[in-house]
Amino acid sequence: MMLPAETGKLNITVLVDDTVASEELAAEHGVSILVELPNGRRWLVDTGTTDIFMENARRMGISLDDLAGIAITHGHDDHTGGLTFYSRLKGKPPVYGHPYIWHKSYQIKPGQPVRVTGMPYLARKDAAPSFQAVNHVTRLDDDLYFFTDIPRAPGSFAPIAGNFFNEDGTGPVPLIDDASIVIKTPKGLVVIIGCGHAGYTNILNAIHAAFPGEKLLAVIGGLHLMNAGENVLAEAVDCTRRIKADDFVFYCGHCTGENTLRYFSQAFGEKAVRPMGAGRVLHF
């Protein structure tokens, strides 16, 4: 799984996940994925919670110097906390995200302490000077697109419950900053999802509307479907099946849920559906 990047191909390396695909690496609650485009430019998608994305990259022999940019899928701390260590990155890459990622956010669950889920202060302080706001669908690089402001169909599953603007549980946060990364390849679309707060089927429908002639080659990241009912999972499978390529692969972890992996494995086969894990390297 810890394979070198292949020149001229799209290389996807998972630097942070809640689990590991190699015992040589560390895990934490969060997501960070390195994308190396066929043109040689490298993009970081999310930064995890701490500096583990840097440490895992070091252990894998990967330099994070001179990145083309950092794309943030939403403002939660388990995707932006690593920006606290932004000053260690050589080249000071621009940071792209929906303008809403700066809003404060608290997670409140019965019987549990209030948890601050917004971007840490130091991450805000260090990354703000390099921040570039992105709305709707924006091309960031050759065949690499940032999808945000995803339309949410009435009645569709969008996992945003439990997030609030205030510590007293008032002012629900709609998480409109949720974004996904789409990369076009000769075989189809590779989609990287941070948590999928806009809803998995909403995201795929928006991508399919933008690229109606393209097949879905891969889904990578976190989907926040761990508590989704069977009807939601069935809808997710049906949506995927309508647009997937013959050699479709599904590598998801973080907040996806083992039940989701099992459900997708039954639908698409175990070879096509695997857990993500830090250290996972994929070539397209």
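All residue numbers refer to positions in the sequence shown, counting from 1.
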Single-linkage hydrophobic cluster [X]~[Y], side-chain heavy atoms < 4.5 angstrom:
X    : Y    : value
I160 : M119 : no
F250 : I12  : no
I192 : L217 : yes
V14  : V45  : yes
V134 : F211 : no

Side chain of [X], backbone of [Y]: donor and acceptor closer than 3.5 Å?
X    : Y    : answer
R41  : L67  : no
E36  : L10  : no
R280 : M276 : yes
H98  : Y100 : yes
S156 : R152 : no
N56  : A26  : yes
T148 : N135 : no
T84  : G81  : yes
S32  : V16  : no
T47  : G82  : yes

Any chance [atom1] of [X] has more than 12 other-residue heavy atoms, nucleotides or ligands included, within less than 6.0 Å?
X    : atom1 : result
D168 : CG    : yes
E230 : CD    : no
K90  : NZ    : no
E270 : CD    : no

What are the two closest non-hydrogen atoms of [X] and [Y], and how far apart are they?
X    : Y    : result
V114 : E167 : CG2-O, 3.8 Å
G279 : A21  : C-CB, 4.3 Å
D142 : R139 : OD1-NH2, 2.9 Å
L204 : L216 : CD1-CD2, 4.0 Å
Y86  : P93  : OH-O, 2.6 Å
A71  : L140 : CB-CD1, 4.4 Å

Any side-chain heavy-atom pair of [X] and [Y] under 4.5 Å:
X    : Y    : result
M54  : L89  : yes
E28  : T50  : yes
C195 : H79  : yes
R42  : V35  : no
I33  : T13  : no
L37  : D143 : no
D126 : L83  : no
N166 : Y106 : no

Hydrogens and angles aside, do [X] and [Y] bring a side-chain donor and acceptor to less than 3.5 Å of each other?
X    : Y    : result
N205 : T201 : no
T240 : Y200 : yes
H254 : D17  : no
D46  : T73  : yes
T117 : S105 : yes

#### Entry: Worked verdict on R88 versus D51 for salt bridge (Lys or Arg N to Asp or Glu O under 4.0 Å)
CA-CA 10 Å; R88 295 187 196 172; D51 62 347; 3.1 Å; yes
### Task
Please state whether the rings of W102 and F131 are parallel, tilted or perpendicular, taking 30° and 60° as the class boundaries.
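Ring orientation of W102 relative to F131: perpendicular.
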As an exercise, state the distance from [atom1] of [X] to [atom2] of [Y], rounded to the nearest 0.5 Å.
X    : Y    : atom1 : atom2 : value
I207 : Y145 : CD1   : OH    : 12.5 Å
I70  : S130 : CD1   : OG    : 8.0 Å
L189 : E214 : CG    : CD    : 5.0 Å
H208 : I243 : NE2   : CD1   : 6.0 Å

Give the table of side-chain donor-acceptor pairs shorter than 3.5 Å for residues 258-268, with sequence neighbours excluded, one pair per line with atom names and distance.
from : atom 1 : to   : atom 2 : distance (Å)
N259 : ND2    : M226 : O      : 3.3
T260 : OG1    : L225 : O      : 3.3
T260 : OG1    : T256 : O      : 3.0
S265 : OG     : L261 : O      : 2.8

### Test side chain to side chain contact (heavy atoms under 4.5 Å, CB included) applied to C252 and I220, step by step
CA-CA 5 Å; C252 290; I220 304 164; 5.7 Å; no
Show the atom names and distances, to 0.1 Å, of all donor-acceptor pairs under 3.5 Å that link a side chain in residues 171-186 to residues at least two apart or in another chain.
from : atom 1 : to   : atom 2 : distance (Å)
D177 : OD2    : G75  : N      : 2.8
D178 : OD1    : H197 : N      : 3.0
D178 : OD2    : A198 : N      : 3.2
T185 : OG1    : K187 : N      : 3.2
T185 : OG1    : G188 : N      : 3.1
T185 : OG1    : G188 : O      : 2.7

#### Entry: Trace of the side chain to side chain contact (heavy atoms under 4.5 Å, CB included) decision for D247 with V249
CA-CA 7 Å; D247 47 357; V249 292; over 6 Å; no
#### Entry: Candidate pair F146 and W43, rule ring-ring contact (aromatic ring centres under 6.0 Å, His included), full reasoning
CA-CA 12 Å; F146 190 93; W43 288 78; 9.4 Å; no
### Query
Do NZ/NE/NH1/NH2 and the carboxylate oxygens of D77 and R115 come within less than 4.0 Å?
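A salt bridge is present here (some side-chain N lies under 4.0 Å from a carboxylate O).
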### Task
Decide side chain to side chain contact (heavy atoms under 4.5 Å, CB included) for L44 and L15; before the verdict, give the C-alpha distance in whole Å, the side-chain angles of both, and the deciding distance to 0.1 Å.
CA-CA 9 Å; L44 191 67; L15 297 179; 3.8 Å; yes
#### Entry: Steps toward side chain to side chain contact (heavy atoms under 4.5 Å, CB included) verdict (K244, K215)
CA-CA 5 Å; K244 77 176 186 67; K215 292 293 186 180; over 6 Å; no
